[in-house]
Amino acid sequence: MPELPEVETIKRELEKKIVGERIKEVIINLPKPIKRPAPAELKKRLTNKKIKGVKRRGKYIILEIEGENFLFIHLKLTGQLIVEKENGPIEKHAHIIFRFASGKDLRFIDLRRFGTMNLVDRMEKFSTYNELGFDPLDSSFNLEKFKEILDKRPTKIKQLLMNQSLIAGIGNIYAAEALFRAGISPLRPAKRLKDSEIKKLLEALKGILKEAIRYKGSSVDNYVTTDGEEGDYEDKLLIYGRDKKNCPKCGSRLESIKLGGRGTNYCPKCQR
DNA sequence: AGTCGCCTGGTA
DNA sequence: TACCAGGCGACT
């Protein structure tokens with residue numbers, strides 16, 4: 001499940017591996033991920049173009065391609081972006097392949113087919129881009145801004161953390177981890193958090209995201225880096241996925257509930 | 001704010 | 001063999 005740390009890891013690797021490469025062919029084995037334009041049009045616009053840069057916004061990877069082309073890629077739950085030699089065996093779910101003049105491929109692989117691609121000629125033309133909230137690691141995202149976001153919102157804090165239009169990049173894993181580290185119950189209405197708790201949560205959030213990036217993300221589900229390697233942060237997760245287990249801090253039994261349709265674990269003793 | 005649908009593979 | 005996971009958009 002790629003969230004901010006996983007997407008950031010992929011972004012940094014792609015920056016090193018594919019900037020400057022020229023696309024000689026776009027192979028579409030499954031058109032479904034291509035939302036717009038029509039697959040044939042996308043092919044036409046990208047063929048024989050150079051990759052100029054790679055950006056990340058929330059959980060989106062953005063490839064900047066010669067000729068005013070911005071390709072927004074969302075990996076959703078099981079998407080992978082792998083760079084490898086073009087003559088290697090084609091993976092079972094390799095839906096879209098960008099074949100470079102150098103003999104390398106960038107392959108978009110997605111078991112569950114939820115991932116998406118949108119090609120636009122200006123960043124702002126991708127409507128979702130304009131609706132994304134703060135990047136939690138950006139220096140402009142400080143205590144004051146975080147307080148403003150929580151202020152007056154009755155939403156449960158975990159759901160607020162995962163609302164991409166407020167803060168962009170946090171998903172189920174890191175929301176749960178940050179709340180555990182900060183000792184805050186996922187059920188607390190956002191507006192009821194005390195200043196001291198908001199401070200703690202912000203520090204936990206930034207800290208965990210940075211650590212996870214250092215470990216190249218968590219390989220929950222089938223996330224891998226652009227080498228096809230797993231991340232190493234999965235072993236550091238203290239609360240996510242620990243259904244029916246005991247709290248790593250106090251030893252009491254963890255609570256497993258559904259929140260906004262998503263599985264949520266927390267320790268009722270350590271998280272208030 | 002809650003629910004559904006999109007998907008496949010692992011698990012009860 | 002039925003069910004569940006889950007980001008996000010669409011819908012209510």
- Item | Interatomic spacing from OH in Tyr233(A) to NZ in Lys216(A) - rounded to 0.5 Å | 16.0 Å

- Are Thr226(A) and Glu13(A) linked by a side-chain donor-acceptor pair shorter than 3.5 Å? yes

- Mapping Thr78(A) and Tyr60(A) onto DNA chain C by nearest heavy atom, which one lands closer to the 5' end? Thr78(A)

- Note on the structure: Residues at least two apart in sequence or cross-chain that pass ring pair (Phe, Tyr, Trp, His ring centres under 6.0 Å) with Phe146(A), listed by chain then number, are Phe141(A)

- Message: With a cut-off of less than 4.0 Å, is there a side-chain N or O of Gln164(A) near OP1 or OP2 of dC8(C)?
- Response: yes

- May I ask you to verify if any side-chain N or O of Arg262(A) is less than 4.0 angstrom from the OP1 or OP2 atom of dG7(C)? yes

- Output all residues satisfying side-chain hydrogen bond (donor to acceptor under 3.5 Å, both in side chains) with Lys104(A), sequence neighbours left out; order by chain, then residue number. Glu21(A)

- Task: Describe the nucleic acid contact of Tyr240(A) in one word from base, sugar-phosphate, nothing, applying a heavy-atom distance below 4.0 Å.
- Result: sugar-phosphate

- Task: Report the residues that fulfil salt bridge (charged side-chain N to carboxylate O under 4.0 Å, His left out) with Asp195(A), sequence neighbours left out, ordered by chain and then residue number.
- Result: Lys147(A)

- Query: Contact class for Gly263(A) (heavy atom, under 4.0 Å): base, sugar-phosphate, or nothing?
  - Reply: sugar-phosphate

- Query: Do Leu46(A) and Phe98(A) pass the side-chain contact (heavy atoms from CB on, under 4.5 Å) test, and can you show the C-alpha distance, the side-chain angles, and the key distance before you say yes or no?
  - Reply: CA-CA 9 Å; Leu46(A) 298 187; Phe98(A) 300 93; 3.9 Å; yes

- Could you check Lys92(A) against Gly261(A) and say which one's nearest nucleotide on DNA chain B is further toward the 5' end? Gly261(A)

- Query: Is Lys17(A) positioned over the aromatic face of Phe100(A), cation under 6.0 angstrom from the ring centre and no more than 45 degrees off axis?
  - Reply: no

- Sugar-phosphate only, base, or nothing, as touched by Thr116(A) at under 4.0 Å among non-hydrogen atoms: nothing

- Query: How many Å lie between CG on Leu132(A) and P on dG7(C), as a whole number?
  - Reply: 15 Å

- From the 5' end of DNA chain B to its 3' end, which nucleotides mark the outer limits of contact with chain A, defined by a 4.0 Å heavy-atom distance cut-off (strictly under)? dA1(B) to dG9(B)

- Quick one: label Arg113(A) by what it contacts on the DNA or RNA (base, sugar-phosphate, nothing), any heavy atom closer than 4.0 Å. sugar-phosphate

- Message: Using side-chain heavy atoms (C-beta onward) and a distance below 4.5 Å, is Leu254(A) in contact with Cys247(A)?
- Response: yes

- Message: For the helix from dA1(B)-dT12(C) to dA12(B)-dT1(C), what angle separates the axis at the start from the axis at the finish, each from five pairs, in steps of 10°?
- Response: 60°

- Task: With sequence neighbours left out, write down each residue that passes side chain to side chain contact (heavy atoms under 4.5 Å, CB included) with Gln159(A), or none if nothing qualifies.
- Result: Thr155(A), Lys156(A), Leu259(A)

